[in-house]
Amino acid sequence: MTNVRNRVAVLHGVNFDVLEKRDASIYGGLALSELERQISDWAHEQGLEPIFFQTNSEGEFCEYLHRAADLADAVIVNAGAWTHYSRAIADALELTGLPAVEVHLSDVEARDDWRKLSVFDGLVAAKISGRGPDGYREALELLATKLEVTP
Ligand code: DQA
């Protein structure tokens, strides 16, 4: 199909490459590849096309966002700990001009105080946290509605 705006960049930040090694009581014990497979299935159910990216380099994350508007129509961002302090990534996300949803596997509001702050505040259509992988399904539904994509 042409002229369909249905591409969603799903970006994971620092430490997501070792998701399966992180505290399973907080992050569920699944590997990033398994999480991405679930997200991919949910995206396709919604008529969306996911594009995945993960890096442990803040600069690479910014550089990917610089290219994002050429690659995608919307963004799901889980920047991990960068969420709480990287103004550089917030500026780069704003620069995309794309609709974005922030997702966290864990409930960042119910953990350490420093996790309550998000640099994406005011830049994203929604912040979904504490719902585990299902949070990505909700983010995809929200973006499908925004992009007016139907299954
Ligand atoms: C996280 C929450 C962050 O506070 C933490 O630094 C992460 C993962 C989450 O998905 O719950 O790396 O973004």
Side-chain angles (χ1 to χ4, degrees), residues 6-46 48-69 71-147:
N6 69 344
R7 301 162 302 170
V8 179
V10 183
L11 310 191
H12 285 101
V14 62
N15 295 321
F16 274 90
D17 56 325
V18 289
L19 187 57
E20 74 281 5
K21 295 185 181 163
R22 301 183 73 182
D23 189 336
S25 68
I26 296 174
Y27 297 115
L30 80 174
L32 182 61
S33 57
E34 294 165 326
L35 177 62
E36 288 182 343
R37 199 165 339 110
Q38 284 190 353
I39 295 170
S40 188
D41 288 348
W42 289 328
H44 290 140
E45 280 168 24
Q46 293 288 320
L48 297 169
E49 203 47 61
I51 307 162
F52 296 105
F53 180 74
Q54 189 277 330
T55 180
N56 292 319
S57 155
E58 187 179 359
E60 278 178 18
F61 203 90
C62 290
E63 283 166 7
Y64 189 91
L65 285 168
H66 296 167
R67 299 192 301 277
L71 307 170
D73 304 299
V75 177
I76 292 176
V77 60
N78 186 346
W82 291 330
T83 303
H84 313 301
Y85 65 86
S86 176
R87 300 276 166 198
I89 289 176
D91 282 351
L93 179 66
E94 186 170 24
L95 207 54
T96 66
L98 297 173
V101 175
E102 172 184 352
V103 175
H104 300 284
L105 290 166
S106 67
D107 183 358
V108 286
E109 306 298 334
R111 298 178 64 194
D112 321 82
D113 277 350
W114 59 268
R115 291 183 206 270
K116 292 181 181 140
L117 187 149
S118 171
V119 294
F120 304 123
D121 196 17
L123 295 180
V124 289
K127 172 180 175 178
I128 300 169
S129 98
R131 303 204 202 280
D134 266 352
Y136 293 86
R137 194 206 316 244
E138 289 177 35
L140 289 162
E141 281 168 9
L142 205 148
L143 290 173
T145 304
K146 258 197 182 307
L147 295 173

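Just so you know, ligand 1 is whichever comes first in the structure, and atom 1 is the first atom listed for that ligand.
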### Query
Backbone or side chain, does any N or O of Ala81 fall under 3.5 Å from an N or O of ligand 1?
yes

### Task
Please check if the side chain of Asn78 supplies one atom and the backbone of His12 the other of a donor-acceptor pair under 3.5 Å.
no

### Task
For ligand 1, note which part of Asn78 has a heavy atom under 4.0 Å away: side chain, backbone, both or neither.
side chain

### Task
With heavy atoms of Tyr27 as the reference, note each atom of ligand 1 found under 4.0 Å away.
5 (C), 7 (C), 8 (C), 9 (C), 11 (O)

### Task
List every atom of ligand 1 that sits less than 4.0 Å from any heavy atom of His84, numbering the atoms from 1 in the order shown and giving each element.
3 (C), 4 (O)

### Polar contact flag for Trp114 and ligand 1 (N/O pairs, less than 3.5 Å)
no

### Query
So do the side chains of Leu95 and His66 get within less than 4.5 Å of each other, counting heavy atoms only?
yes

### Heavy-atom pair with the smallest gap, counting every atom of Ser40 and Phe52
N-CZ, 4.0 Å

### Summary
If you scan protein heavy atoms around atom 11 (O) of ligand 1, the nearest is Ser106 OG, 2.6 Å

## Note on the structure
atom 1 (C) of ligand 1 has as its nearest protein heavy atom His104 ND1, 3.7 Å

### Message
Taking atom CZ as the centre, does Arg22 end up with more than 12 heavy-atom neighbours from other residues, nucleotides or ligands that are less than 6.0 angstrom away?
### Response
yes

### Query
Arg22 heavy atoms, cut-off 4.0 Å: which ligand 1 atoms fall inside?
7 (C), 12 (O)

#### Entry: Ser118 and its side chain to side chain donor-acceptor pair (under 3.5 Å) partner, picked from Lys127, Glu102, Glu109
Glu102

### Query
Would you find a donor on one side and an acceptor on the other, under 3.5 Å apart, between the side chain of Glu20 and the backbone of Gly29?
no

### Query
What residue and atom, counting heavy atoms only, is the protein's closest point to atom 9 (C) of ligand 1, and at what distance?
Leu105 N, 3.4 Å

### Task
Answer yes or no for Trp82: is there a heavy-atom contact with ligand 1 below 4.0 Å?
no

### Message
Before you tell me yes or no, could you show the steps for Trp82 and Phe61 under ring pair (Phe, Tyr, Trp, His ring centres under 6.0 Å), namely the whole-Å CA-CA distance, both residues' side-chain angles and the distance that decides it to 0.1 Å?
### Response
CA-CA 10 Å; Trp82 291 330; Phe61 203 90; 5.4 Å; yes

### Query
Phe16 heavy atoms, cut-off 4.0 Å: which ligand 1 atoms fall inside?
8 (C), 10 (O)

### Query
Polar-atom distance check: Arg111 versus ligand 1, any N or O pair below 3.5 Å?
no

### Query
Where on Arg115 is there a heavy atom closer than 4.0 Å to ligand 1, on the side chain, on the backbone, on both, or on neither?
side chain

### Task
Scan side-chain atoms only and decide if Glu58 and Asn56 contain a donor-acceptor pair under the 3.5 Å cut-off.
no

### Task
Without swapping roles, check the side chain of Arg115 against the backbone of His84 for a donor-acceptor pair under 3.5 Å.
no

### Task
Mind checking whether Val108 contacts ligand 1 via backbone (N, CA, C, O), side chain (CB onward), both or neither, at a 4.0 Å heavy-atom cut-off?
side chain

